[in-house]
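Scroll down for the structure; my scribbles are underneath it.
Worth saying up front: this structure is predicted, and the values here are computed from it rather than measured. These values consider heavy atoms only, across backbone and side chains, with no hydrogens, waters or symmetry-generated copies.
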2 protein chains.
Amino acid sequence: MQLRNQVEWALHCCSVLAGLPAGRYLSTKVLAELHGVPKEYLSKALQGLSQAGLVESTLGPSGGYRLAKTPGQITFLDIVEAVEGKTSSFVCDNIRYNNPCLRKGYRADGACAIAQVMWDADQAWRDKLRSVSLADLGKTLRKTVPADILDKTQGWVLERS
Amino acid sequence: MQLRNQVEWALHCCSVLAGLPAGRYLSTKVLAELHGVPKEYLSKALQGLSQAGLVESTLGPSGGYRLAKTPGQITFLDIVEAVEGKTSSFVCDNIRYNNPCLRKGYRADGACAIAQVMWDADQAWRDKLRSVSLADLGKTLRKTVPADILDKTQGWVLERS
DNA sequence: CTTAATAAGGATATTTAATATCCTTAAGGA
DNA sequence: TCCTTAAGGATATTAAATATCCTTATTAAG
């Protein structure tokens, strides 16, 4: 079980956008080159972030993306779910009902106890992701990031993450 | 991101084995028919459980699998990891170092802050799974399982889960 | 006003992982 | 001796992840 690489990309992109001066945008092209990932595919992840309302975009030259909320309002869970979806990592196919010893059509009262445990664990994972925002990330990062912020021709910013 | 169906199968098989009278075995064939899943593929999951030391097997007629420990000693995490592996759901490819603004070969002091958050969440998931054993599952199940335990020709037991 | 850059998104190709089947071997019980 | 079983290697099939290509509408810059 593995999260898609787009999740890593989206998290890093949001981290960079969180450090962007107010009003500025970063394009897919720049974000892709900054992270060394394919532009077209990264674009799908950014579209997911946009549809989730985490970032907003503008067209044309000097267009691109910026955060739609403050870093403190965007959690890791928001970003992960925007890319990976909200469905649980465990899918219960109710194989308990395949038991040929059971009379046909039998259904128990409650949910499958096994599935419940798995869903609880999934919830614990999401709770943890929800407890960290891009602002929290910044606090950690500020300690380790070198002071020399570069500003190349395309307006790249130093990778903050 | 989704766990493989073998995880569900393995959990249900262990749940059934936990209710088996001492000394008895259940074969792959019976476990497969009991849950309505392909025998050959389920076999791979059971082999994983065996290699992890969660179940033990015996050959020949009336052979099969039984738990290698008490239900209280086998956690959900044990079973999930036996099938799905122990590697984190998040893989850090250190795309932060792809930044062309960084001088070649630059490496930060600590681990990627983003990866750390993701790994912490993964740990929270595993901690939750580790906190539940097959014995705990039994407590829940006893409340809902019908009293009529069937004992068909092949020695099937009522699906407990 | 024109031109180039951009996001959005549909269509499709490629690659990888999950799922499933088949077969052989060695061991155990009747 | 014969049948049943677990173990596991090899291979096929299916689905998902990854990636590319292309078109359209929009926007800013010149």
Check B:E81 with B:R126, please: is the shortest side-chain N to carboxylate O separation under 4.0 Å? yes

Rounded to the Å, how far apart are [X] [atom1] and [N] [atom2]?
X	N	atom1	atom2	answer
B:L42	D:dT5	CG	P	14 Å
B:L31	D:dT4	CG	C1'	15 Å
B:Q47	D:dT5	CD	C1'	12 Å
A:R66	D:dT27	CZ	P	13 Å
B:Y25	C:dG29	OH	P	9 Å
B:R24	D:dT5	CZ	P	13 Å
B:K39	D:dA7	NZ	P	12 Å

Is the terminal nitrogen or CZ of A:R107 (NZ for Lys, CZ for Arg) located under 6.0 angstrom from the six-membered ring centre of A:Y97 and within 45° of that ring's axis? yes

To the side chain of [X], which of [options] is closest?
X	options	answer
B:S57	C:dA8, D:dT5, D:dA7	D:dA7
B:L59	C:dA8, C:dA27, C:dA4	C:dA27
B:P38	D:dT20, C:dT21, D:dA28	C:dT21
B:Y65	D:dA29, D:dA7, C:dT21	D:dA7
B:E40	D:dC22, D:dA28, C:dC23	C:dC23
B:R4	C:dT19, C:dG28, C:dT21	C:dT19

Give a yes/no answer on whether the side chain of [X] brings an N or O atom under 4.0 Å of OP1 or OP2 in [N].
X	N	result
A:S50	C:dA8	yes
A:N5	D:dA17	no
A:Y41	C:dG9	no
A:Q6	D:dA19	no
B:T28	D:dA6	yes

Please classify the nucleic acid contact of B:S43 as base, sugar-phosphate, or nothing, using heavy-atom distances under 4.0 Å. nothing

Any base atoms under 4.0 Å from A:E56, or only sugar-phosphate, or nothing? Heavy atoms, all strands. nothing

Evaluate the side-chain proximity of B:W119 to B:F90: yes if any heavy-atom separation is below 4.5 Å, no if none is. yes

Closest-nucleotide mapping onto DNA chain C: is B:K44 or A:K44 further toward the 5' terminus? I mean the 5' end. A:K44

If each of A:P61 and A:Q2 is mapped to the nucleotide of DNA chain C with the nearest heavy atom, which maps nearer the 5' terminus, i.e. the 5' end? A:P61

Judged by atom type as modelled, is there a donor-acceptor pair below 3.5 Å linking the side chain of A:N99 to the main-chain atoms of B:L34? no

For B:S133 and B:I74, run side-chain contact (heavy atoms from CB on, under 4.5 Å): C-alpha distance rounded to whole Å, both residues' side-chain angles, the deciding distance at 0.1 Å, then the answer. CA-CA 5 Å; B:S133 74; B:I74 299 179; 6.0 Å; no

Passes side-chain contact (heavy atoms from CB on, under 4.5 Å), A:M1 versus B:Q2? Steps please. CA-CA 6 Å; A:M1 179 186 57; B:Q2 203 165 94; 6.0 Å; no

